[in-house]
2 protein chains.
Amino acid sequence: MPQHPADTTAETPIFRQIVDHLRDRVLKGELTAHTPLPSERSLAESFDVSRMTARRALEALDAEGLSYREDRKGRFVSPKRIIYNISDMVSFAAKAQARGDALEIELVSQGTIPADARLARALELPEATALHRYTRLFRTEGHAAFIETEYVLASRFPDLLTHDLRQSSTRLLEQHYGISPRTGDITIRMRAMQPDEASLLGLAPYHPGIALEQVIRDGDGSAFCFGSQIWRGELAEFSAQAIVGEPV
Amino acid sequence: MPQHPADTTAETPIFRQIVDHLRDRVLKGELTAHTPLPSERSLAESFDVSRMTARRALEALDAEGLSYREDRKGRFVSPKRIIYNISDMVSFAAKAQARGDALEIELVSQGTIPADARLARALELPEATALHRYTRLFRTEGHAAFIETEYVLASRFPDLLTHDLRQSSTRLLEQHYGISPRTGDITIRMRAMQPDEASLLGLAPYHPGIALEQVIRDGDGSAFCFGSQIWRGELAEFSAQAIVGEPV
DNA sequence: GAATCTATCTGGTATATACCAGACTCGTTT
DNA sequence: AAACGAGTCTGGTATATACCAGATAGATTC
């Protein structure tokens, strides 16, 4: 006998009833961050539905950002979101580390490449200009949060890749190259992760994500760095303060 | 005989091969904005897979933001994203309309309510303060893009709801109440749509979305408006310019 | 010409089943 | 104590099937 009989006569689909039930439990705090959710099979049994129906309910929870799944390990309740203040921009890592937040940075890969059409356009450079490229994985409290790939002008920072890249790149560029105050153009959009990105973060392919791209400029307004981040969608929260001038 | 035989011996799952195939066709421009994608059944037939497998491929495309589906109508190629500049903030509608973009606003519902705990906190007001609430649906070129609900201080704008709300609320507040320059706090996060939101936008439940919340303040820094938007994830792109002071 | 009917298209929901592969636990062996 | 292995847990992939309900287009009827 099912522990939670689903109301098949109601017009609301069974799997949504299960979604609502689970959402309640999460929001009431009955299930806390990183706690395992019921597995697909056990959920199916307790609601007396097929595994596929239970799965659909859990996938909806994933989409809502209330849970995430790790390959062949299970589903877990999402932790509180990480607030990324856009005005802090590049110095996110520096700020987080200064606050004492456990922010670990792992270098995934690095190299020097010629700028392709997209990078050349973003950085306002001729194509094939040499760029240092490094990809890093950012973790908070042991949980992977986002991947960042930065491209910086090789001519301006020739020996960049010889430094320890497991630190705030803002601080790196400051300490070794004395960069002055800068501006940045940022764009944010939703985009599911590609299988390779998801696997780096230990997540299922097509995990919902948020992509953040930024072009960083020096005091003279010339671009020297292009950064591309892909965040776990359920983990990211972007904040900004806008000051609006008198509209004409 | 399948038109596109899937390679079952390869280590990459069949449905991902289909995703890659479809993504190619979309990115190559073979399928243009709002063009119907192959239906689940026809895709299943042409790749000689079950409908469920075809469906998984199409759902992955949805998650990537390359397609969207309308209930019982079909799946369609996503149009170009709408760029929302955070610095323009509240005046998005005004700007779009000034540019001549076809931005239609439909009033969904309105009323006056007491502030609940969440609203009171956001607006820094005592609970139960009277607020005007109105929900509007924004369309570009006939396609629903996002829903916005705004809450404004009823005491300060007593007869707000008697005006035509199918226009930029920035302009409304300016023309009738003479609001001076203002600042705004914005937060952005990924969140699947609730079934009711999705149905308003003509989309499937749990459609990936991006929520944007903003608190708008007058020249004195006192909050007078709280706005909450839910965008179709595949349609939204947020841009911002940040100016970073010299870090200590 | 307008309204209606109908066949067929679409996705939506749901079940039952099968096998795979990685992760994990626990007991046994070395 | 460390290494190994078996059994069992997890989600991942895939098939086949069934019926529902809204959308749509075309033919028929009024």
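The model shown is predicted, which means the values in this text are computed figures rather than measured ones. First the proteins, then the strands, lettered A, B, ... as listed; each starts at 1.
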Q.
Between A/R191 and A/E197, does any side-chain N to carboxylate O distance fall below 4.0 Å?
A.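 Between A/E197 and A/R191 there is a salt bridge, with a charged N closer than 4.0 Å to a carboxylate O.
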Q: Give a yes/no answer on whether the side chain of A/R72 brings an N or O atom under 4.0 Å of OP1 or OP2 in C/dC20.
A: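 Answer no for this pair, as no side-chain N or O of A/R72 is under 4.0 Å from OP1 or OP2.
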Q | A/R55 side chain near C/dA14 phosphate (N/O to OP1/OP2, under 4.0 Å) | A |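 Checking A/R55 against C/dA14: no side-chain N or O falls below 4.0 Å of OP1 or OP2.
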Donor-acceptor contact present, side-chain [X] to main-chain [Y], <3.5 Å:
X	Y	value
A/R232	A/A144	yes
B/R136	B/Q167	yes
A/Q110	A/H132	no

Q) So A/W231 and A/F238, would you call those rings parallel, tilted or perpendicular, with 30° and 60° as cut-offs? A)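 Plane angle over 60°, so perpendicular.
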Q. NA contact type, B/R51, heavy-atom cut-off 4.0 Å: base, sugar-phosphate, or nothing?
A.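 B/R51: base contact, heavy atoms under 4.0 Å.
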Take the protein atom [atom1] of [X] and the nucleotide atom [atom2] of [N], then report the distance between them rounded to whole Å.
X	N	atom1	atom2	result
B/E70	C/dG12	CD	C1'	15 Å
A/D71	D/dT13	CG	C1'	12 Å
A/L58	D/dT10	CG	C1'	12 Å
A/I14	D/dC19	CD1	P	17 Å
A/L43	D/dG11	CG	C1'	14 Å
A/E59	C/dT13	CD	P	13 Å
A/R69	C/dG22	CZ	C1'	15 Å
B/F76	C/dT10	CZ	C1'	9 Å

Q: Would you mind telling me which residue lines up with the more 5' stretch of DNA chain C, B/P205 or B/S39, judged by nearest nucleotide?
A: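 Residue closer to the 5' terminus by nearest nucleotide: B/S39.
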Q. Taking for each residue the nucleotide of DNA chain C with the nearest heavy atom, is it A/R41 or B/R41 whose nucleotide lies nearer the 5' end?
A.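 Looking at DNA chain C, the more 5' nearest nucleotide goes with B/R41.
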(Q) Among C/dG12, D/dA14, D/dT17, which nucleotide has an atom closest to any side-chain atom of B/E40? (A)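 Closest nucleotide to the B/E40 side chain: C/dG12.
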Q. To the side chain of A/K73, which of C/dC24, C/dG12, D/dA14 is closest?
A.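 Of C/dC24, C/dG12, D/dA14, C/dC24 is nearest to the side chain of A/K73.
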Q.
Assuming nearest nucleotide by heavy-atom distance, tell me which of A/G74 and A/M52 is located more 5' along DNA chain D.
A.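 Counting from the 5' end, the first nearest nucleotide belongs to A/G74.
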